Amino acid sequence: MEYLDSLNPEQRLAVEHTDGPVMIIAGAGSGKTRVLTYRIAHLIYEKGVDAFNILSLTFTNKAAAEMRHRIETLAGLEARNTWMGTFHSVFAKILRVEAPKIGYPSNFTIYDSDDSKSLIRTIVKEMRLDDKVYKANAVLSRISGAKNRLITWKVYQDDPYVKADDEAAMKPKMGEIYQRYQDRLFKAGAMDFDDLLFNTNVLFRDHLDVLNKYQQRFRYVMVDEFQDTNLSQYLITKKLAAVHQNICVVGDDAQSIYAFRGADIQNILNFEKDYPDLFVVKLEQNYRSTKTIVDAANSIIDKNKAQLKKNVWTSNGEGDLIELIKASTDSEEGRIVASTIFEERNTKKLNNSDFAILYRTNSQSRAMEEALRKLNLTYKIVGGLSFYQRKEIKDLMAYMRFTVNPVDEEAFKRIVNYPKRGIGDTSVDKILVAAFDHDMQLWEVVQNAHSFIGGRAASQLDDFATMIKAFKIEVERKDAFEAASSIAKQSGLLRELYEDKTIEGLNRYENVQELLNGIKEYVDNEENEDKSLGSFLQEIALLTDNDRDKDTTDSITLMTIHSSKGLEFKQVFVVGLEEDLFPSQMMMQSREDLEEERRLFYVAATRAMDKLYFTYALTRYRYGRLLNCEPSRFLEEVSPDCIKVSKKVSSKEMSGAFRREGLPGTSESSGYIGIKKKPESRMPTAMKIHTPSPDFKPSNTNNLKAEQLIEHPKFGFGKVQKIETEGINRKATIQFEHFGEKTLLLSFAKLRIID
DNA sequence: CTGTAGTAAGTTTTT
DNA sequence: CTTACTACAG
């Protein structure tokens, strides 16, 4: 096989060792995707395995699409028959066939996290609990964490440790919320993201015939980005591979960045224990980046304790040093990045698509966008507020969802009175209560509205029911596109949007049209066998904004570091390297958290092939307030040999920023400025005297009032005298115990409000 | 039941 | 700056 000649010895081992359990530890830029595609081709053409018997699981739809494309190029159309997709999409597809076995309808709805949160809010309200204690986000992530570890509500409630945990957090009702949440999902014929995996586990546990069917079908199982699997996903693959034992996992523990959604790095660290005869290959040669970049990335990741030993190296040249750019404001940061790209592009004859700007949070894209637009540079944003999360899109989808699955509670609440048809909150509540009390299906109650609620609303509901019935008939007779267009028109939704002549209204109208176009495309696509609306809805529920076709014009890529995984660019800007932003303050609760942020930093750095830039700003707007920032600790952790301090900062802005900060240093505002060890002057002497309480956490100062007791990290305890507003700035005059009266800019000051 | 005005609180990453 | 929720008038 001559194509094997293009591989290095380790890669070749990984490709040729097809049978039995295999773990491929693939360092950044080591040609992992190449190995995976060659491996599949090898299975099909050398080992004579039917493509139909190969299952490859990835974490994003994009990665799956990329892999499918590369395999087709390499191995031809035969390879199209391999099962390839994300965990969620593959098992949603299987559940669509098998769901009735575990009591769900096969046209079950998939709730996205907005639906889930809304349901949790309803439940918390129904239980008459304090929604400030039981915040939807926190409750959902707790439940999600349990599900990812396959803990049912029953086990959750019976576990004394969990109970102690919840009680310590003053949230003893968590178990009951979990139970009710699960019950309501079941009644609404709905699964949330975690359920797709959880229920697959249940299915395989309780129906051995079904498990056996898929075990026979998937003789070869491959898992990409294995470091990001959670327990639930791991157990599914383990079960599937139990008979043939042909499981191949590919991953890099150094790039595990999804702990927040249950990824367990122990899966990769302990894999060997589950498979004693495991064959391990390490791909350590990096083909992507310059030596400087590889060294810099290694210097950061080496600080982590939890990792597998490996030595990523490269034979590439040294390349340029990493440029460190300091800006005074976030908008200046944007301007410098934009002008640097402009210059580099022209002097080195590069395309826009050779550049990427990576940030920690989506909100950072704004400043970058503005600067790029001013220089007329074409860019595209990956991710961010998803198309599918827009109100108008969710509204139309809710109509479609309710038509297909008329017990879908969240969809019902969304559309029953939109556009307005005289059915208010009171009536909606009555319907829901009636369904609950009589243990009836939502749709039955709606159809018999007169028996449950009287008056005007009842006859309005009759009209609503008639409309939905008409939709149902359309859905049965027509394909997804025709049914959806008809629903958009008949529901009055299109008219409502059409009549809104504001710019936003126009956009919303166009978005709905775009969704309809998407449905048309789906219907016209030969590969989709089932062209019903129900089937389309299941597909779309698992799509993210990253999966929509963006126009293919040559553009600079803007995205979060999380979505950059697996990609590479000639030049990469990692922006916003400020303490509390990256590493994120919300993450910095434990050593594990810091290590995950380091891995994230590692991922960002290793995206670059030729040149890497780090930038940070001294002040930044967040939530409409100007905050001051300090350089990220990562800038001190990264090997100084790899970094060159660069870029002039305009002296005017610089001194302005320093003055605002009330810092000395105006004199160094011209010339080259780098990170210095935090100057003494930046650390008020007060800090040496007052140590903040161990649990010090800044509070939201929105509601700060006179007489309020507060704690300041540097000045200690004090009492608020008065609050004034000056332009966009709010100032508080505070009488401190030991430091007398001080006036602080609230946007700068971190205060803990003592209740 | 609907619309408006005002208040409160949240801001990480993704399937 | 945003979004979600509440109170109150019509």
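Note that the coordinates shown come from a computational prediction; the quantities given were computed from them, not determined experimentally. By convention in this document, chain letters (A, B, ...) are assigned in the order of the sequence lines, proteins followed by strands, and residues within each chain are numbered from 1.
For B:dT14, one of the phosphate oxygens OP1 or OP2 lies less than 4.0 angstrom from a side-chain nitrogen or oxygen of A:Ser563. A close approach under 4.0 Å does occur between a side-chain nitrogen or oxygen of A:Asn362 and OP1 or OP2 of B:dT14. Contact annotation: A:Thr560 reaches the phosphate of B:dT14 (side-chain N/O to OP1 or OP2, under 4.0 Å). OP1 or OP2 of B:dT11 has at least one side-chain nitrogen or oxygen of A:Asn137 nearer than 4.0 Å.
Lacking a ring centre under 5.5 Å from that of the base six-membered ring together with a plane angle below 30°, A:Tyr258 does not count as stacked on B:dT14.
For residues 120-129 of chain A, the set of pairs meeting the side chain to side chain donor-acceptor pair (under 3.5 Å) definition, not counting sequence neighbours, comprises A:Thr122-A:Lys413, A:Glu126-A:Arg184.
Side-chain atoms of A:Thr60 lie closest to B:dT15 of the nucleotides B:dT15, B:dT13, C:dC5. For A:Lys135, whose side chain is taken as the heavy atoms from C-beta onward, the closest listed nucleotide among B:dG10, B:dT15, B:dT12 is B:dG10. Of the candidate nucleotides B:dA9, C:dT2, B:dT14, B:dA9 has the atom nearest to the side chain of A:Lys132.
Rounded to an integer number of Å, the gap from CG of A:Asp195 to C1' of B:dT15 is 13 Å. Whole-Å rounding puts the A:Asn230 CG to B:dT14 C1' distance at 12 Å. Rounded to a whole Å, the CG atom of A:Asp131 is 12 Å from the C1' atom of C:dT6. In this structure, CG of A:Leu57 is placed 15 Å from P of B:dT15, rounded to the nearest angstrom. A:Asp224 has its CG atom 14 Å from the P atom of B:dT15, to the nearest Å. Whole-Å rounding puts the A:Gln389 CD to C:dA4 P distance at 11 Å. Atom NE2 of A:His562 and atom P of B:dT14 are 7 Å apart (whole Å). Distance, A:Glu225 CD to B:dT13 C1': 15 Å, rounded to whole Å.
Counting any heavy atom pair closer than 4.0 Å across all strands shown, A:Asp194 reaches no nucleic acid atom.
Aromatic pair A:Tyr359/A:His562: ring centres not closer than 6.0 Å.
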Between protein and nucleic acid, restricted to nucleotides 1-3 of chain B and to nitrogen or oxygen atoms under 3.5 Å apart, what atom pairs and distances do you find?
{"unit_1": "B:dC1", "atom_1": "OP1", "unit_2": "A:Gly424", "atom_2": "N", "d": "3.2"}
{"unit_1": "B:dC1", "atom_1": "OP1", "unit_2": "A:Ser427", "atom_2": "OG", "d": "2.5"}
{"unit_1": "B:dC1", "atom_1": "OP2", "unit_2": "A:Thr426", "atom_2": "OG1", "d": "2.6"}
{"unit_1": "B:dT2", "atom_1": "OP1", "unit_2": "A:Gly422", "atom_2": "N", "d": "3.2"}
{"unit_1": "B:dT2", "atom_1": "OP2", "unit_2": "A:Asn417", "atom_2": "ND2", "d": "3.0"}
{"unit_1": "B:dG3", "atom_1": "OP2", "unit_2": "A:Lys420", "atom_2": "NZ", "d": "2.8"}

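Geometric assessment of A:Arg261 against the ring of A:Tyr258 yields a positive cation-pi assignment under the 6.0 Å and 45° thresholds.
To the nearest 0.5 Å, the span separating CD1 on A:Ile381 from CE on A:Met368 amounts to 11.0 Å. Distance check: A:Leu57 CG to A:Thr86 OG1 gives 8.5 Å after rounding to the nearest 0.5 Å. For the atom pair CG of A:Leu129 and NZ of A:Lys171, the computed distance is 12.0 Å after rounding to the nearest 0.5 Å.
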If you apply the rule side chain to side chain contact (heavy atoms under 4.5 Å, CB included), what do you find for A:Ser535 with A:Arg96, and how did you get there? CA-CA 9 Å; A:Ser535 143; A:Arg96 190 157 155 79; 3.6 Å; yes

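Residues meeting the side-chain contact (heavy atoms from CB on, under 4.5 Å) test with A:Ala398, sequence neighbours left out: A:Ala411, A:Arg414, A:Ile415.
Judged by distance alone with a 3.5 Å cut-off, a donor-acceptor contact links the side chain of A:Arg360 to the base of B:dT12.
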